[in-house]
Structures are given as C-alpha cells and as structure tokens.
Amino acid sequence: MKKEDLPQDTGALEKFTREVCYVKNEDGKYETALSKGWEVKKLALDSAWEDVNERVEEARQAVIRGEKSPIYYFMELRLMDLTVLSGYTGIFSFFIKRHLKPAVFKNLSERKLEKYARAFDITVDSLKNFKG
C-alpha cells in the first residue's frame with residue numbers, strides 16, 4: 001500500500017493508540033506510518049464485541065436461571081476460559097468446571113472464593129451474592 005493510500009478512518013481505539021503499518025514511500029521503499037484506523041477493521045472489531053457481549057448476557061441469564069454459578073458469569077465477563085482462570089487461581093480446570101455448578105459453588109471455602117475474587121478483581125461478597 002502506498003503511503004498516501006493508508007486509511008485514516010475513525011477507529012475503535014483512535015483516542016488511545018494508533019496502528020503502525022508498513023507502506024511504500026514515493027521511492028518505492030517500505031517504511032512505517034501511523035494510521036488512525038480503518039472502517040473495515042472497526043466493523044470487524046464491533047462485530048466481535050457484539051459476540052462477547054452476547055456471551056456475557058447468556059452467562060448472566062444462566063446464573064439467574066440457576067444453571068451456572070457466578071464464576072461462569074465473571075469468567076465470561078473477564079474474557080477468560082478454564083485454562084486462563086486456572087492459571088490465575090492455581091485451581092485445576094476440572095475443579096473449576098465443578099465449581100460452575102451452583103450446588104458445588106455454595107459449598108466453596110472462603111479461601112477458594114478469595115482466589116476467584118482476586119482473579120476477577122472483585123470482592124468475595126460480590127461473587128457470593130451475585131444474582132444476575
């Protein structure tokens with residue numbers, strides 16, 4: 001792409017950062033240039049965030065219906081999966097999977113709840129009393 005063709009559309013992260021791109025200058029050599037954004041990329045990111053928000057809402061509804069524990073909601077909200085949450089808490093993935101069941105969650109020790117709360121950056125009280 002030529003330097004003058006580099007998109008400068010309004011981007012999702014425009015206020016925070018710019019994207020470095022490789023472009024050809026007038027001599028035909030590659031150099032770096034900054035782009036504010038690209039409309040196509042913004043649309044793709046917006047679509048991805050819509051999917052994330054839908055997953056979070058589905059998780060919230062599952063907690064409300066009593067199908068899942070609050071751990072499931074906060075895991076989705078913080079964009080974590082079992083492996084990532086296991087890394088943050090030090091709890092094995094198969095135990096976390098069990099803790100997603102409301103009946104098992106109710107009997108978790110304060111120590112385990114503290115690990116989850118720390119990983120989600122919330123209080124233990126917020127985790128225990130989350131109703132959706």
Side-chain angles (χ1 to χ4, degrees):
M1 172 182 311
K2 293 181 182 176
K3 190 172 187 174
E4 60 269 9
D5 296 334
L6 184 64
Q8 296 295 337
D9 300 333
T10 305
L13 302 175
E14 177 184 20
K15 295 178 184 174
F16 305 105
T17 188
R18 290 192 175 184
E19 186 175 1
V20 177
C21 300
Y22 287 98
V23 294
K24 283 187 178 181
N25 62 19
E26 46 286 332
D27 298 329
K29 295 185 179 180
Y30 284 99
E31 63 180 45
T32 59
L34 295 176
S35 172
K36 289 186 205 174
W38 188 26
E39 184 65 25
V40 173
K41 191 172 189 176
K42 180 185 178 302
L43 293 173
L45 285 172
D46 288 348
S47 176
W49 277 112
E50 284 177 25
D51 292 346
V52 167
N53 290 330
E54 285 177 19
R55 287 184 60 161
V56 170
E57 180 58 24
E58 287 171 11
R60 190 179 76 78
Q61 292 298 325
V63 172
I64 289 171
R65 290 189 302 268
E67 299 168 356
K68 299 282 186 178
S69 76
I71 293 170
Y72 180 66
Y73 169 77
F74 286 106
M75 192 172 76
E76 289 293 337
L77 183 66
R78 298 292 189 240
L79 305 176
M80 296 178 171
D81 61 13
L82 291 173
T83 306
V84 171
L85 185 55
S86 177
Y88 275 95
T89 60
I91 300 171
F92 289 114
S93 297
F94 61 89
F95 284 123
I96 293 174
K97 204 169 184 178
R98 286 194 71 238
H99 299 164
L100 298 179
K101 298 175 184 177
V104 176
F105 175 78
K106 289 178 188 175
N107 296 320
L108 288 179
S109 69
E110 197 72 18
R111 185 168 170 239
K112 281 197 173 88
L113 290 171
E114 286 173 6
K115 288 182 179 185
Y116 284 119
R118 207 172 319 119
F120 298 138
D121 196 27
I122 59 172
T123 64
V124 172
D125 193 48
S126 298
L127 182 62
K128 284 168 51 173
N129 297 315
F130 181 78
K131 304 289 185 228

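Because the structure is predicted, anything quoted here is derived from the model rather than measured.
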K.L.:
Taking only residues two or more places apart in sequence, or in another chain, which ones meet V20 in a side-chain contact (heavy atoms from CB on, under 4.5 Å)?
P.N.:
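Expected list: T32, L34.
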K.L.:
Applying salt bridge (Lys or Arg N to Asp or Glu O under 4.0 Å), name anything that partners R65, two or more places apart in sequence or on another chain.
P.N.:
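Checked R65 against salt bridge (Lys or Arg N to Asp or Glu O under 4.0 Å); matches are E67.
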K.L.:
Determine all donor-acceptor pairs shorter than 3.5 Å in which one atom belongs to a side chain in residues 74-87; sequence neighbours excluded.
P.N.:
unit_1	atom_1	unit_2	atom_2	d
E76	OE1	R55	NE	3.1
E76	OE1	R55	NH2	3.2
E76	OE2	R55	NH2	2.9
R78	NE	F120	O	2.7
R78	NH2	F120	O	2.8
D81	OD1	T83	N	3.2
D81	OD1	V84	N	2.9
S86	OG	I91	O	2.6

K.L.:
Just to verify, what does S109 make a side-chain contact (heavy atoms from CB on, under 4.5 Å) with, not counting sequence neighbours?
P.N.:
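With neighbours one apart ignored, the set is R111, K112.
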K.L.:
Only counting residues at least two apart or in another chain, list the ones meeting salt bridge (Lys or Arg N to Asp or Glu O under 4.0 Å) with E31.
P.N.:
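With sequence neighbours excluded, E31 shows a salt bridge (Lys or Arg N to Asp or Glu O under 4.0 Å) to K3, given in chain and number order.
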K.L.:
Going by the rule salt bridge (Lys or Arg N to Asp or Glu O under 4.0 Å), which residues pair with E26 if we only count those two or more places apart in sequence or in a different chain?
P.N.:
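E26 satisfies salt bridge (Lys or Arg N to Asp or Glu O under 4.0 Å) with no other residue.
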K.L.:
Throw together a table of side-chain donor-acceptor distances under 3.5 angstrom for residues 125-132, partners on residues two or more places apart or in other chains.
P.N.:
unit_1	atom_1	unit_2	atom_2	d
D125	OD1	N129	ND2	2.5
S126	OG	T123	OG1	2.7
N129	ND2	D125	O	3.1

K.L.:
What are the two closest heavy atoms between Y73 and A59, and how far apart are they?
P.N.:
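Of all heavy-atom pairs spanning Y73 and A59, the closest is CA-CB, 3.9 Å.
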K.L.:
Got a sec, which hydrophobics cluster with Y30, joining ILVMFWY side chains under 4.5 Å apart, including via others?
P.N.:
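Result for Y30 is Y22.
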K.L.:
Tell me every residue that passes salt bridge (Lys or Arg N to Asp or Glu O under 4.0 Å) with E57, counting only those two or more places apart in sequence or in another chain.
P.N.:
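If we apply the salt bridge (Lys or Arg N to Asp or Glu O under 4.0 Å) test to E57, skipping adjacent residues, the hits are R60.
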K.L.:
What pairs of residues pass the side chain to side chain donor-acceptor pair (under 3.5 Å) test when at least one of them lies in residues 95-104, not counting sequence neighbours?
P.N.:
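Only H99-Y116 qualify under side chain to side chain donor-acceptor pair (under 3.5 Å).
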K.L.:
What pair of heavy atoms forms the shortest contact from P102 to G66, and how long is it?
P.N.:
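Scanning both residues, the minimum pair turns out to be CG-O, 3.2 Å.
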